[in-house]
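Here is how names work: the chains are called A, B, and so on, in the same order as the sequence lines, proteins then strands, and each is numbered from 1.
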Amino acid sequence: MNPIFALIDCNSFFVSCEKVFQPHLEGQPVIVLSSNDGCAIARSNEAKALGIQMGAPLFKIQNILRKNRVKVFSSNFSLYGDMSARVMETLKTFSPSLEVYSIDEAFLDLSSLREEELFSYGSQIRKIVKLWTGIPVSIGMGSTKTLAKVANHIAKKHPFGCYVLTKLEDIEEVLRTFPLQEVWGIGRQWSKKLSYVGLRTAWDLAQADIDWIRKTFNLSLARTALELKGLPCSNIEGLVSSKKSIISSRSFGKSVKSFEDLQEAISFHASKVAQKLRQQKSVTALLNVFIRTNPFHAEGAYYTNSCIVPLIFPSQDTAVLIKAARAGLEKIFNKGLDYKKVGVMALSLASEDQIPVSIFQNSKDLLKRQTLLKTLDKLNGQFGRDSLFFASEGVHKTWCSKVSLKSPSFTQDWTQLPRVR
DNA sequence: TCTGGGGTCCTAGGACCC
DNA sequence: TCTGGGGTCCTAGGACCC
């Protein structure tokens, strides 16, 4: 039985999510902005056709937006997360083996199908996903994940939205004109290096000697080359592995000078990190607190600094993390600068039940804290996040990011359900 | 004026151990 | 006085992904 991987990728995912609840957007140029309304991170086909690039800063494309009446949205990540879950649930019905690769992509194992069945099965998946969730997807299939990714590129431009890349002659034809930079795992820097030694297309890499690649470059690239040859080096990873590090960070809407505001923001991020730790049942032993000024500003030197704060006992307690993060901030804060971004990172994670209780900790107190935090999470789950928070996170949060054009919480708030007239 | 956030993996080099 | 090889662990930094 030959392995067959399918890569299902949602088309212009964030934009498609907005369209599901606002059907009048169909056929119009639409973009979704990154947080802080910084740049375009999702574009409808109509917006792409206007020349709006992925990651284009908002202020550079204002003219195009105005002239063409492009509909612009701030990102609404809780909506996208919800829609993503619906798509993944639907995909599960098509194969017992599903790997959720990102918010808008998943691999399916379709090895049990006969080659001649693949295309119609793919078309069926597209149809059902669209019917059940409203989200359009493209599907690429190949004997390795990397080839499935290549096939997906083609599917995106294909009228049927599904492309099967399994025949040897098709693979050669496609790879011969497929730029290396588009290959999964090879970015700008690598493709530049590879072009120095004469490798420019995916076919070039697939033909190269594996040992030479391994010795001259590295193992990852050798794996990619093998996958392009049709030899799988990676399988479907069904289990959701827990994160090895957790970050919360955000740019400020306006730059921030005051230590007190930074303290609030750092506390806010520490609290978010603690919440995520509890969600995946982990504890952290090490925090990294970082702050920086605006790297794009010409005047004033760019300042960025970070500080590692070890915790005495591994923890997932909001109060413990806030205290540690604030201590870190004190060490790296430089008075008089305009800060643009801060964040907190949790490293050295471990499972919460792997941690022995230290003899220096009072187990009664620990239990009390756990109950308190559980209650906090429960209430926030019930009444919406940030219904209940630590005072040190700040009440007014004047340093908050800009979010001016967010769509309603269609799927999370009864009062914001879409109305049908 | 205005440029995202959250991850993973790999490698090199240093410290330390036997 | 001189001399070795192999291993682990940690960290920083680079590159990549969506």
Between atom [atom1] in [X] and atom [atom2] in [N], what is the gap in whole Å?
X        : N     : atom1 : atom2 : answer
A/Asn76  : B/dG4 : CG    : C1'   : 16 Å
A/Ile41  : B/dG7 : CD1   : C1'   : 15 Å
A/Leu347 : B/dG6 : CG    : P     : 14 Å
A/Lys340 : B/dT1 : NZ    : C1'   : 10 Å
A/Leu58  : B/dT1 : CG    : P     : 15 Å
A/Phe13  : B/dG4 : CZ    : C1'   : 17 Å
A/Tyr80  : B/dG5 : OH    : P     : 15 Å
A/Gln279 : B/dG6 : CD    : P     : 13 Å

Would you say the side chains of [X] and [Y] form a donor-acceptor pair under 3.5 Å?
X        : Y        : value
A/Asn152 : A/Ser138 : no
A/Ser95  : A/Asp109 : no
A/Lys145 : A/Ser234 : yes
A/Ser251 : A/Asn36  : no

For the side chain of [X], starting at C-beta, report the closest nucleotide among [options].
X        : options             : answer
A/Lys341 : B/dG6, B/dG5, B/dT3 : B/dG5
A/Phe59  : B/dG4, B/dC2, B/dG6 : B/dC2
A/Ile246 : B/dG7, B/dT8, B/dG5 : B/dG7

### Query
Taking 4.0 angstrom as the limit, do A/Asp338 and A/Lys257 come out as a salt bridge?
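Judged by the 4.0 Å cut-off on N to carboxylate O distance, A/Asp338 and A/Lys257 do form a salt bridge.
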### Message
Between A/Glu46 and A/Lys71 (salt bridge meaning N to carboxylate O under 4.0 Å), is one present in this structure?
### Response
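Judged by the 4.0 Å cut-off on N to carboxylate O distance, A/Glu46 and A/Lys71 do not form a salt bridge.
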### Task
For A/Ser248, report the nucleic acid contact type (base, sugar-phosphate, nothing); a contact means any heavy atom under 4.0 Å.
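Sugar-phosphate, no base atom in range.
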### Query
Which part of the nucleic acid, if any, lies within reach of A/Asn36 when heavy atoms closer than 4.0 Å are counted: base, sugar-phosphate only, or nothing?
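Here A/Asn36 touches no strand at all.
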### Message
Any side-chain N or O of A/Ser251 below 4.0 angstrom from OP1/OP2 of B/dG5?
### Response
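For B/dG5, OP1 or OP2 has a side-chain N or O of A/Ser251 closer than 4.0 Å.
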### Task
Could you tell me whether the phosphate oxygens of B/dC9, OP1 or OP2, come under 4.0 Å of any side-chain nitrogen or oxygen in A/Lys244?
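The answer is yes; a side-chain N or O of A/Lys244 sits under 4.0 Å from OP1 or OP2.
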### Query
Are side-chain heavy atoms of A/Arg176 and A/Thr201 found at a separation under 4.5 Å?
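Answer no - side chains too far apart.
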May I have the list of side-chain donor-acceptor pairs in residues 320-333 of chain A shorter than 3.5 Å, sequence neighbours left out?
from	atom 1	to	atom 2	distance (Å)
A/Arg326	NE	A/Ser267	OG	2.9
A/Arg326	NH2	A/Ser267	OG	3.4
A/Arg326	NH2	A/Ser392	O	3.4

### A/Phe268 and A/Trp399: CA distance, side-chain angles, deciding distance, ring pair (Phe, Tyr, Trp, His ring centres under 6.0 Å) verdict
CA-CA 11 Å; A/Phe268 171 80; A/Trp399 40 268; 5.5 Å; yes
### Query
Is the ring centre of A/His153 less than 6.0 Å from the ring centre of A/Phe178?
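Between A/Phe178 and A/His153, which both carry aromatic rings, the centre distance is below 6.0 Å.
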### Given DNA chain B, 5'-ward residue of the pair A/Arg250 and A/Ser242, judged by closest heavy atom
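Final value for this comparison: A/Arg250.
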### Task
Hey, which sits more toward the 5' end of DNA chain B by its nearest nucleotide, A/Arg214 or A/Gly55?
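So the residue in question is A/Gly55.
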### Message
Using atom C1' in both nucleotides, what's the gap between B/dC16 and C/dG4 to the nearest angstrom?
### Response
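B/dC16 and C/dG4 have their C1' atoms separated by 16 Å.
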### Message
Please encode protein proximity along nucleotides 10-18 of chain C as a string of B, S and -, counting only heavy-atom distances under 4.0 Å.
### Response
-----SSSS
### Query
Under a 3.5 Å cutoff on both atom distances, Watson-Crick or G-U, what's the dot-bracket for DNA chain B ([ ] crossing, | other strand)?
....||||||||||||||
